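Since the structure is predicted, the reported quantities are computational estimates derived from the model, not experimental observations.
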Amino acid sequence: MDPVILFFVLGLVAGLARSDLRLPPAIYELLSILLLLAIGLKGGVELSRQSLADVLPQMLAVVGMGIVIPLLVFSVLMLTRRIDRPNAAALAGHYGSVSVGTYAVGVAFLASIGVAFEAHLALFLVLLEMPAIVVGIMLARGISRDTQWGRLLHEIFFGKSIVLLLGGLLIGWVAGPEGIEPLKPLFIDSFKGVLALFLLEMGLIAASQAGEIRRRGLFLVTLGVLAPVPLAVIGAVLGWLLGLSVGGTTLLAVLAGSASYIAAPAAMRIALPEANPSLSLTAALGITFPFNIFIGIPVYYAIAGYLHGIGG
């Protein structure tokens, strides 16, 4: 187990034990900014080494996946008849979008076992934040005059996570490997340390969702555990078809199997106030996020290896 995961365990145990351990909000905000910028910068540097036209077909395919996944999740949820349309659409938007934290843990996992990957996967991370949110809202409302599209699109495209990820990508792309060298100690060399503290806070937040898990019981746990693997398989198969390496296929599976707990909740609160935000947040952060970092990521790596013919 990568040591950074143990920081999540520490936060989870502390939260469940009702410890007074808390990271100051300003520190958590700083950690989020550093993490998002680091991922964006690394992806941008790699992107500067290749032609954007070479990755354009992959980008379009990934956006397509970002549209298909929420449609699948919504259809399955509606078939269960355990949840109303607005909450099913909100959950579909969360599971179609992606988790930056899960992606960062996936990057750390691959680094710990010495597996390389295409760094422009960070570009896919940015692309997958957006389409599922729009699809989820349309599933709930359709094209309606009541939807505040201007405010909503502003929240999606100019929310903190998108601005930092896309901004980091552009800076890394323009600066290139040499230009980014002076920034490496802050953004690249300290990546795992920042991730460890971020996961400590994620453990504390996940522990705070325990009450909702007890209230919703079997439905939330079943959704949070069973949804990620088939979705990750879709991502892994797509990565393999696109010719990504084992590492790249693994990370695309990680993105497909993750659920958003930053961008999607903010957008859904604006567009679907009738949906229960604690339901989606608890499933995404309280169940799916721990499942992925403890079990899912190694499983997705094994699936990627199998697809590439190196599984054993």
query: With a 4.5 Å limit on heavy-atom distance, are the side chains of Phe117 and Thr250 in contact?
result: no
task: Locate the shortest heavy-atom distance separating Leu77 from Ala88; write the atom from each residue and the value.
output: CD1-O, 3.7 Å
Heavy-atom donor-acceptor pair, Asn292 side chain to Ile297 backbone, under 3.5 Å: no
task: Find the distance between NE2 (His94) and CG (Leu279) and round it off to the nearest 0.5 Å.
output: 9.0 Å
task: Using the ring of Phe191 (Phe, Tyr or Trp, six-membered ring only), decide whether Lys42 places NZ or CZ under 6.0 Å from its centre and within 45 degrees of its axis.
output: yes
task: Determine whether the side chains of Tyr301 and Thr249 contain a donor N or O and an acceptor N or O closer than 3.5 Å.
output: no
query: Hey, is the main chain of Leu71 close enough, under 3.5 Å, to the side chain of Ser75 for a donor-acceptor pair?
result: yes
query: If you draw a 6.0 Å radius around CZ in Arg49, do more than 12 non-hydrogen atoms from other residues or ligands fall strictly inside?
result: yes
- request: May I ask whether Ile234 and Leu226 are part of the same hydrophobic cluster, defined by side-chain heavy atoms of I, L, V, M, F, W, Y residues being less than 4.5 angstrom apart, directly or through others?
  value: no
message: With a 3.5 Å distance limit and no angle check, can you tell me whether Arg22 reaches the backbone of Glu201 through a side-chain donor-acceptor pair?
response: no
- prompt: If two hydrophobic side chains count as joined below 4.5 Å and joins carry through other members, does Ile310 share a cluster with Ile303?
  reply: yes
- request: Kindly say whether Met202 contributes a backbone atom to a donor-acceptor pair with the side chain of Tyr28 at under 3.5 angstrom?
  value: no
- prompt: Counting N and O atoms only, with roles assigned by atom type, does the side chain of Ser280 sit under 3.5 Å from a partner on the main chain of Pro277, one being a donor and the other an acceptor?
  reply: no
task: Given side chain to side chain contact (heavy atoms under 4.5 Å, CB included), test Phe8 with Leu204 step by step and report yes or no.
output: CA-CA 8 Å; Phe8 180 85; Leu204 291 166; over 6 Å; no
query: Leu281 versus Tyr261: any side-chain heavy-atom pair under 4.5 Å?
result: yes
task: Flag yes if more than 12 heavy atoms outside Phe7 fall under 6.0 Å of its CZ atom; otherwise flag no.
output: no
Beyond-backbone contact of Phe289 with Leu199, side-chain heavy atoms, under 4.5 angstrom: yes
task: Apply side chain to side chain donor-acceptor pair (under 3.5 Å) to Gln209 and list each qualifying residue two or more places apart in sequence or on a separate chain.
output: Thr282
- prompt: With no hydrogens and no angle check, is any side-chain donor or acceptor of Ser258 less than 3.5 Å from a backbone partner on Thr102?
  reply: no
- line: The reported gap from CG in Leu307 to CG in Leu238 (rounded to nearest 0.5 angstrom) is 11.0 Å
From CA spacing to verdict: side chain to side chain contact (heavy atoms under 4.5 Å, CB included), Phe74, Leu91: CA-CA 8 Å; Phe74 178 79; Leu91 280 164; over 6 Å; no
query: Sub-3.5 Å donor-acceptor pair from the side chain of Glu118 to the main-chain atoms of Ser245, do we have one?
result: yes
message: Between Ser112 and Phe109 (side chain of the first, backbone of the second, donor and acceptor by atom type, cut-off under 3.5 Å), is there such a pair?
response: yes
Note, Met138 side chain near Val135 side chain (heavy atom, < 4.5 Å): no
Separation between CG of Leu165 and CG of Leu36, rounded to the nearest 0.5 Å: 4.5 Å
